Amino acid sequence: MHNATEFRLEAHPFIPEALERLDELAHDLFYSWDHGVRSLFARIDLRLWQKVEHNPKLFLRRVAQDRLDEAAEDRAFLAEYRRVLSSYDTYLEVGPGPEVTELLDPENTLVAYFCAEFGFHESFPIYSGGLGILAGDHCKAASDLALPFVAVGLLYQQGYFIQSIDALGQQIARYKSHSSDELPITPVEKDGELLKVSVPFPGRAVVARVWEARVGHIRLYLLDSHTEENSPEDQNLTLQLYGGDESTRISQEMLLGIGGTRVLEALGLTPTAWHINEGHAAFQILERCRRTMAAGLSFEASLEAVAGATLFTTHTPVAAGHDIFPRDLVQHALGNYLEESGLDFEAVFALGAKDGGDTFNMTSLGLRGSRFHNGVSRIHGGVASHMEGDIWPQVPAEENPVGYITNGVHVPTFLAPEWSSLFDIQAPTWKSELRNPDFWEFIDRIPDYHYWSVHKALKEQMGEYIVRRLRRQHKRNGTGHSVTDRMTRQLVSPEKDTLVIGFARRFATYKRATLIFSDLERLEGILTNSDRPVVLVFAGKAHPKDRPGQQLIKVIHDLSMHPALMGHLILLEDYDQAMARRLLSGVDVWLNTPEYPKEASGTSGEKAALNGALNLSVLDGWWGEGYDGTNGWAIPPRDTGLDPEFRNEEEARDLLDLLEFEVVPLYYERASQGFSQGWVERSKASMKTITPRFNSQRMVMDYVTHYYQPASSQGARLMADGGEMASVLADWKARVRAAWPGVQLQVVGCVECRCPHDGTVELRVEALLNGLSADDVRVECLVTPECTGTHKSPGPGSFFLEKESETDGRTVFATRVQPPYPGLQTLRLRMYPYHEALTHPLEMGAMLWV
Ligand SMILES: *Cc1c(COP(=O)(O)O)cnc(C)c1O
């Protein structure tokens, strides 16, 4: 007997001339949000399209020749093909609108966006969760707005893991290699050769080749260490996203930050604003300093110039989201690079030091290497200002430069095509009104029955999808059809229109996936009431090293197999973007129960709301701004100082109360028309209030206005005339840092306590400036009104005191002012260093109060 070796052969079809641009469509991630493009592939061969998991390149390699030939002869297909191409061409022709060009000149500005993961579509698995999807949505919106924008990331051959859940509820992680010819990328060439960049590593150089992904108007460049110049170990540096150990991680981050900056340089691109999206990409700061130093500036001046053009965004208060490396690892990994660059290790290490510790924190590096910083929701902005407050030690956290821009989602990607078609009829210009809340009042004009029929159709599609996925999962596990049938019996009878609640996201413990099971008996009663049944659908991956996260999966699995809950609790494996689109557009309620304030933003609830699902969430992250009392339900978080177990119990009780007394009754309050009018009203309120506020176009325009434009001009200002202002600023800061510990401030005389409302008071302070001059500081008086009756004033007013005299090294600052507010008010005086070249008046973190 011979053991036959199998060879796999793929016979490629020729693409008929009439359809030749299919290949172009397969190479532009435009397909990831344009339903028309995806439908073309599905129309040629639906089974194959599903089999290749919606991957256009793979589809075109495997599709049968006669299918293509038939399509090329089919007049209806050709008409659709031409319509899709014409909409693609129109999309690419339309340049940036005035709202963009007013702020960013497309000829002379460029935003560079660095991130470790990008989630565009399930066919391009280089993302793990929210951060990646957000980065993908950011790029898509940058393309929609035709911004001058380029993105940089890493190409992982295996990406993130594929998840199975076995019969015992254990997560099995499997990695699958993706060859570059099945991903929507092309190799980048320069002067007829493959573009490669090299980064100094310990005892060697690591070479990365470069891939380009087209995303409509913009380009994403991806570095890949899988190239012959590298040793086998180095070839595997970019094998997996968030894989390996901390040495792998720091190596990946060197490739991303240092290598990524080199790629842009090799391509002749000169960004004017740099966006570091989460700490993974922060090493770009070092490489940009190196280049600025090569132009003749000192390290300190280079850092000022680099930081002034840079925005750093932090995405989570959870420790696992911040890379912290031990000193010797940093010294070893960066040693060769720093030596070649002429950068001093101690100076670099100080940029990443946190709380004086002996570890290197990539978030601290990002913050010290940028002058623009933000969190990703109002609540998170506040949390991040406190968490990172040590960078500005003397400045109250509320006033430090950490701002926020709340995350939004890409509407064309996540809005179901059924809704999109309905909007096309009801309000044809809706795509260009994504930042106009008033426009979205049109939702109320959609007849209720019509509105509900769209939702119901999507819910049915979701039901079929869940049955398909669950069958596959249980067949493999050996549980078979009968179990699946019992599990899905509620979902397969559309006439019952059972209330479906979804929960899908990474199984990180702070997300408290099992909070709803805190009182099982009560939950069982709510779910299995035969007049008003409820189905819960769960999905999500836990990081392969996160044991507690995997334990949550097991708990939910076991409950889902329990006879008492069977049919009312479903757990699906391998959550990805395709599944997200299905669930988010099909469920009635989207549940989120994070532990406040750890959900920096969360975005899946925004996607659900676009599609008419109602959010039922802890008031954390984006929901803290999104919830208005009419558009969903909120669980107020209990005080974070309380015992965690007590908090969980209290919040779980709120959740079950809401379900039992509000959500379920409202849903089943059906009149003769077969649906609940109150529910539709709430769902419409959600769709119309959330869509125009929490989408990625609004988000990216906020970035343009508050960060990209100011960073571009600040960077240019600091670097003008060979970096003169950067040098002046660096020297001034050194002088201030040296003098500040000896600076003192005190009030002279006594401040009057009363005056007529139209009178004035005199304020006078005396400062010991320890060698600084009056021009180096600002003396400021902050006034806060006490609330009196109906006279509520908006917030603290402030004014400055001017230099009055200077004798014996003592400088007196004074002013005479009229009380800004009526009645009682509080005055506080303070002094901080000030220079007109600063990006933020408090960026030095120095401040004295009297
Ligand atoms: C939107 C999205 C996320 C983020 O979900 P959160 O609930 O915000 O954590 C994660 N994974 C996928 C596939 C998504 O589409």
Side-chain angles (χ1 to χ4, degrees), residues 8-95 120-125 136 139-140 143-144 146 150 155 178-195 209-222 267 412-413 417 420 578:
R8 292 184 78 183
L9 174 71
E10 195 177 71
H12 296 190
F14 296 101
I15 299 181
E17 209 177 307
L19 301 178
E20 64 184 356
R21 291 187 69 195
L22 281 180
D23 190 55
E24 191 183 336
L25 293 174
H27 279 91
D28 191 327
L29 283 156
F30 181 75
Y31 74 71
S32 68
W33 68 87
D34 189 89
H35 187 69
V37 175
R38 297 202 303 270
S39 300
L40 285 181
F41 296 108
R43 255 175 99 157
I44 296 172
D45 185 342
L46 182 61
R47 294 261 315 267
L48 178 66
W49 177 243
Q50 285 171 349
K51 199 153 180 231
V52 298
E53 294 175 11
H54 315 146
N55 181 326
K57 273 179 83 175
L58 211 50
F59 180 87
L60 287 182
R61 266 174 33 196
R62 300 209 180 142
V63 63
Q65 187 68 48
D66 49 2
R67 290 287 184 130
L68 280 178
D69 293 341
E70 271 164 36
E73 300 285 314
D74 177 344
R75 289 182 40 195
F77 182 85
L78 285 174
E80 182 58 12
Y81 170 73
R82 279 191 292 267
R83 192 196 64 73
V84 168
L85 278 177
S86 127
S87 104
Y88 176 56
D89 291 336
T90 309
Y91 179 86
L92 290 182
E93 270 160 28
V94 176
F120 290 98
H121 187 252
E122 58 273 18
S123 61
F124 196 16
C139 293
K140 290 170 180 177
S143 169
D144 293 344
V150 60
L155 182 75
H178 298 271
S179 72
S180 52
D181 57 0
E182 63 192 62
L183 299 175
I185 51 175
T186 44
V188 178
E189 295 187 1
K190 201 186 162 192
D191 309 326
E193 297 203 15
L194 286 181
L195 176 65
R209 58 178 303 188
V210 186
W211 300 91
E212 177 187 280
R214 287 173 168 256
V215 187
H217 283 278
I218 66 139
R219 299 288 176 267
L220 162 67
Y221 294 103
L222 297 164
L267 292 169
T413 299
S420 178

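Residues take their numbers from the sequence shown, with the count starting at 1. Below, all heavy atoms of this structure are taken into account, side chains as well, without hydrogens, waters or symmetry copies. Predicted model only: the values in this text are computed from it and were never measured.
R214 contributes no side-chain N or O that, together with a main-chain N or O of H27, makes up a donor-acceptor pair within less than 3.5 Å. Checked by atom type and distance alone, the side chain of Q65 pairs as donor or acceptor with a backbone atom of F14 at under 3.5 Å.
The shortest distance between side-chain heavy atoms of L267 and V210 does not fall below 4.5 Å. Within the 4.5 Å cutoff, side-chain heavy atoms of S180 are placed close to those of I185. At least one side-chain heavy atom of F120 sits less than 4.5 Å from a side-chain heavy atom of L220. Residues S143 and L29 have side chains not in contact (no heavy-atom distance under 4.5 Å, counting atoms from C-beta outward). Here the side chains of R61 and D181 are in contact, with some heavy-atom distance below 4.5 Å. Here the side chains of S123 and Y31 are in contact, with some heavy-atom distance below 4.5 Å. Here the side chains of D89 and R21 are in contact, with some heavy-atom distance below 4.5 Å. At a threshold of 4.5 Å between non-hydrogen side-chain atoms, the residues L183 and L155 count as touching.
Residue E193 qualifies as open at atom CD: its count of foreign heavy atoms under 6.0 Å is 12 or below. Around CD of E53, the count of heavy atoms belonging to other residues, nucleotides or ligands within 6.0 Å does not exceed 12. Heavy-atom neighbours of E73 CD from other residues, nucleotides or ligands within 6.0 Å: at or below the threshold of 12.
L194 and P187 get closest at one heavy-atom pair: CD2-CB, 3.7 Å. D34 approaches S87 most closely through the heavy-atom pair OD1-OG, 4.3 Å. Looking at every heavy atom in both residues, P184 comes nearest to A26 through CB-O, 4.0 Å. Taking each heavy atom of W33 and R38 in turn, the nearest pair found is N-NH1, 3.8 Å. What you find for V63 and L60 is that their closest heavy atoms are CG1-O, 3.9 Å.
Residues in residues 65-87 take part in no ring-ring contact (aromatic ring centres under 6.0 Å, His included) pair, two or more places apart or across chains.
A centroid separation of less than 6.0 Å is found between the aromatic rings of H217 and Y91.
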Test side-chain contact (heavy atoms from CB on, under 4.5 Å) applied to L22 and F41, step by step | CA-CA 9 Å; L22 281 180; F41 296 108; 4.2 Å; yes

K140 and S32: side-chain contact (heavy atoms from CB on, under 4.5 Å), yes or no, with the steps?
-> CA-CA 9 Å; K140 290 170 180 177; S32 68; 3.3 Å; yes

Decide yes or no on side-chain contact (heavy atoms from CB on, under 4.5 Å) for L40 and W49, but give the supporting numbers first.
-> CA-CA 10 Å; L40 285 181; W49 177 243; over 6 Å; no

Step by step, would you call L85 with L25 a side-chain contact (heavy atoms from CB on, under 4.5 Å)?
-> CA-CA 8 Å; L85 278 177; L25 293 174; 4.1 Å; yes

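The existence of a salt bridge linking R43 and D74 is excluded, since no basic side-chain nitrogen approaches an acidic carboxylate oxygen closer than 4.0 Å. Comment: R83 engages E80 in a salt bridge, judged by a side-chain N to carboxylate O separation of less than 4.0 angstrom.
Note: F124 CZ to K57 NZ = 9.5 Å, rounded to the nearest 0.5 Å. Remark: S39 OG to I44 CD1 distance equals 11.0 Å, nearest 0.5 Å. In this structure, CD in E122 is found 6.0 Å from NE2 in H54, a value given to the nearest 0.5 Å. Expressed to the nearest 0.5 Å, how far CD of E70 lies from CG of D66 amounts to 5.5 Å. To the nearest 0.5 Å, atom CD of residue E20 and atom CD1 of residue I15 are 9.0 Å apart. Atom CG of L19 sits about 6.5 Å away from atom CG of L68, to the nearest 0.5 Å.
Of the residues listed (D45, N55, L48), the one engaging R62 in a side-chain contact (heavy atoms from CB on, under 4.5 Å) is L48, and it is the only one.
For the residue pair Y88/D28, the side-chain donor-acceptor check at 3.5 Å is satisfied.
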